[in-house]
Amino acid sequence: MVVKGRGVLGLFLLVILLGFVKNGEALAHANTVLINCGTNANVTVDGANWVGDKAPNKNITLSTSRSIEASTSSVDGNPDYESLYRTVRIFSEPLNYTFHGAPGNYFLRLHFYPFTFQNYNANLSYFGVETCGFTLASSLNVPYAISQKNRNSSFVALVKEYYVPIQTNSTVITFRPDKESFGFVNAIEIVRVIDKLFVDSVKQVSGNGATVALDLQKRGIETMYRLNIGGTLIKPDQDSSFRRIWEEDSSYMINQDAGTELKNTSKITYASPNATTLAPLLVYETAKTMTNTSLVVQLRFFNMSWRFPVDPSFDYLIRLHFCELVYDKSSQRIFKIYINNKTAAENVDIFTKAGGKNKAYHEDYIDGMTSNSNNLWVQLGPEAASSDQGSDAALNGLEIFKLSRDGNLGYVPNLGDEESKGKSKMTLSLGIGFGIALVAVIAWLIICLRKKKRTKDVKPKKSCGRSGKRFTLVDLKAATNNFDESLVIGVGGFGKVYKGELNDGILAAIKRSNPQSQQGLVEFETEIELLSKLRHRHLVSMIGFCDEQNEMILIYEYMSNGTLRSHLFGGDLPSLSWKQRLEICIGAARGLYYLHTGSERGIIHRDVKTTNILLDGSFVAKMADFGLSKSGPSLEHTHVSTAVKGSFGYLDPEYFMKQQLTAKSDVYSFGVVLFEVVCARVVINPSLPMEQINLAEWAMICQKKGVLETIIDPSLRGNYSPKSLKSFAEIAEKCLADEGVARPTMGEVLCHLEHALQLQESWLHPNDANSSHALESLDEREHEQ
Ligand SMILES: *[C@@H]1O[C@H](CO)[C@@H](O)[C@H](O)[C@H]1NC(C)=O
Ligand SMILES: *[C@@H]1O[C@H](CO)[C@@H](O)[C@H](O)[C@H]1NC(C)=O
């Protein structure tokens, strides 16, 4: 069977009808039982031995009237678990595993890796799981659950974890297929928990100190998320107590730039001697603190926010793990904790609460979700009254557990709509001939289909003669000598830019994006869409594109003088004169002015910086890289969910805090560009003294003191009109106003820069009484509209 883009998969099929497996041995109790379902073979995964469920086992016995063992030769996307997920037990009638263990608390983990076997398509499978009087899952559809819960995660399997109080010496775990459906299970883990992981009464969010009974014996509890904040994935063999997985947190953050990772591996101890297995020390060694915006603004008036898709109508236990890793006294970090937009705690000072530095401790809260809330929010933010220094927050680990209200943890989304959407996605993947229904593959497919559709949208514009030409991959291979590395003229997160010669002899910059990257695809589409609509002397023009064979290649006019930045510092290019710099800034300002005003909706560039201002053979400046650009109105409602994008050092502090994007954010970044042009230094230089690290801050300090000339590019000295520089610096200063509304528009910036150029011209040629520059400039602008 051929899976598009993934090679050939041989599915090894092994079908066995099982009779009852009997086991009458006296049973010893084990603390960890790891079962590899659908086989009698043992495998070693995560440093542990997983025993085949078909082989006799004193810890667990399988009983079923009829079930099928199936295997696949290839498991995609999860190399660590490959050998475990290759086999599966499929059932169309109830399947029981009986666990023989001492009464006590256990973690029960069920692993589901969806693959299709004969006519058993995981997408069509619905089943429930029950044990100890709890319903753990009902009508579970694994691919759908993966798409809902692990939206942000790289895991392609579903691992459901429960904490079950076992009261007898043998406990039955029942898997029950829905009517006319079937179920499957790949692996089962049962891990004994000797310590008390949960206390009986937990603080309620905004309950003024009130607590509620956890009552686990009645409620049942399921782990939804477990994160190692600010650190990397912790695998089961690194959490020796209970083999837990601690995921990375970044993909759950609303604005990743709000948090900075912190790491300290010095000796950490548990604040309470009873809490040593709550989380491994590794969790406490890393944290996220609030990004030190003293580089951008004085105080931290924002939150670090994480958002988690959850099932509505359940209660949730939120456990926050803390450890002060930096300060050795109190009152250095004081913050508020918000859960679901409500204040859970105020004046939190980890140092005081934990009783010192490097002391690990945790806080638990309970909050209920209403029937229409699908997202759980955790936010940490400054205490309004605290000082500049104290307004910081930190979080080391986070766990979110789901609690039932009636012993039933199963959740069946009864939104007919939403579910059928999920199903139709699956049918789609089926129709294309998948052997294995991998979430990653589904996502990739949907993207490809979307891309095809979008490209179609672009095509008609071609007929109006505005859009670029569609190139074949063969053309582009010929142009770049098969993407020869020696022709690479730029590299970025998106991929590489090659210099190439098209068959008509025209030089081109050929940007080839990484075809796997979803991010890249969105930006690719944005850029084609925008560039095919925009033509301007000061915007880099697109010659064409290529979307053959999942390639995302854009072909631009070649800019022989490279980036503005390469002419300012860090290279051996001759330095630019003041007049040249002014002309370049004017060109770039024109390009931005056109972007902001030239189309009906207005376009915000979002990544204005000196490496995105390119120079052609005659040093005419053109704005490039529209990958992050956004059209105006569509942004209005996205300020909460849009992650802040742009480049550090150029980023508008107001946008950073409010996540509300306006054209004035480009104006701010352009102000930084102006100071960079005059000072010829990098915008963030951490090796400088504190107040000089951030160019925007440092230049503003000097400008306000009237000593900007002391920090300008030495190669300019004596070669510029002081009046011209003064005028230039004034507009740069205005661009950097804290509030967007106080900043000039690009049109105003442009007029001001033209005035500065005029002053420079008259200084250079004092006898030309009437400089005609201003008029010319205006003419040109009108012409271009
Ligand atoms: C599988 O592992 C179990 C437990 O360690 C062991 O008793 C058994 O002999 C192993 N089976 C095989 C076939 O290696
Ligand atoms: C932080 O989040 C809370 C809860 O959503 C909100 O009330 C508060 O205004 C936010 N604080 C800042 C500084 O944005």
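Because only heavy atoms are used, hydrogens play no part in the values below, and waters and symmetry mates are left out as well, while side chains stay in. Values in this document were obtained by computation on a predicted structure and should not be read as measured data. Indexing begins at 1, ligand by ligand and atom by atom, following the structure's order.
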**Item:** Nearest neighbour in protein (non-hydrogen) for atom 5 (O) of ligand 1
**Value:** N49 ND2, 3.1 Å
**Request:** Report the distance from atom OG1 of T223 to atom CZ of F107, rounding to the nearest 0.5 Å.
**Result:** 5.5 Å
**Salt-bridge contact D315-K402 (side-chain N to carboxylate O under 4.0 Å)** = no
**Asked** Any N or O on N303 sitting closer than 3.5 Å to an N or O of ligand 2?
**Response** yes
**Request:** Output yes when a protein non-hydrogen atom is found under 4.0 Å of atom 7 (O) of ligand 1, and no otherwise.
**Result:** no
**Message:** I'd like to check atom 1 (C) of ligand 1 in this structure: does the protein have a heavy atom lying under 4.0 Å from it?
**Reply:** yes
**Prompt:** What part of N40, side chain, backbone, both or neither, has a heavy atom within less than 4.0 angstrom of ligand 1?
**Reply:** neither
**Asked** Taking side chain as C-beta onward, heavy atoms only, is Y284 less than 4.5 Å from H321?
**Response** yes
**Message:** Check E324 with R333, please: is the shortest side-chain N to carboxylate O separation under 4.0 Å?
**Reply:** yes
**Request:** Mark up the atoms of ligand 2 that fall under 4.0 Å of a heavy atom belonging to Q379, in ascending order.
**Result:** 2 (O), 4 (C), 5 (O)
**Request:** State plainly whether the residues K664 and D652 are in salt-bridge range, i.e. N to O under 4.0 Å.
**Result:** no
**Request:** Compute whether any side-chain donor of one residue and acceptor of the other, for N36 and T87, lie under 3.5 angstrom apart.
**Result:** yes
**Request:** Write out the residue and atom name of the closest protein heavy atom to atom 9 (O) of ligand 1, then the distance separating them to 0.1 Å.
**Result:** N42 ND2, 4.8 Å
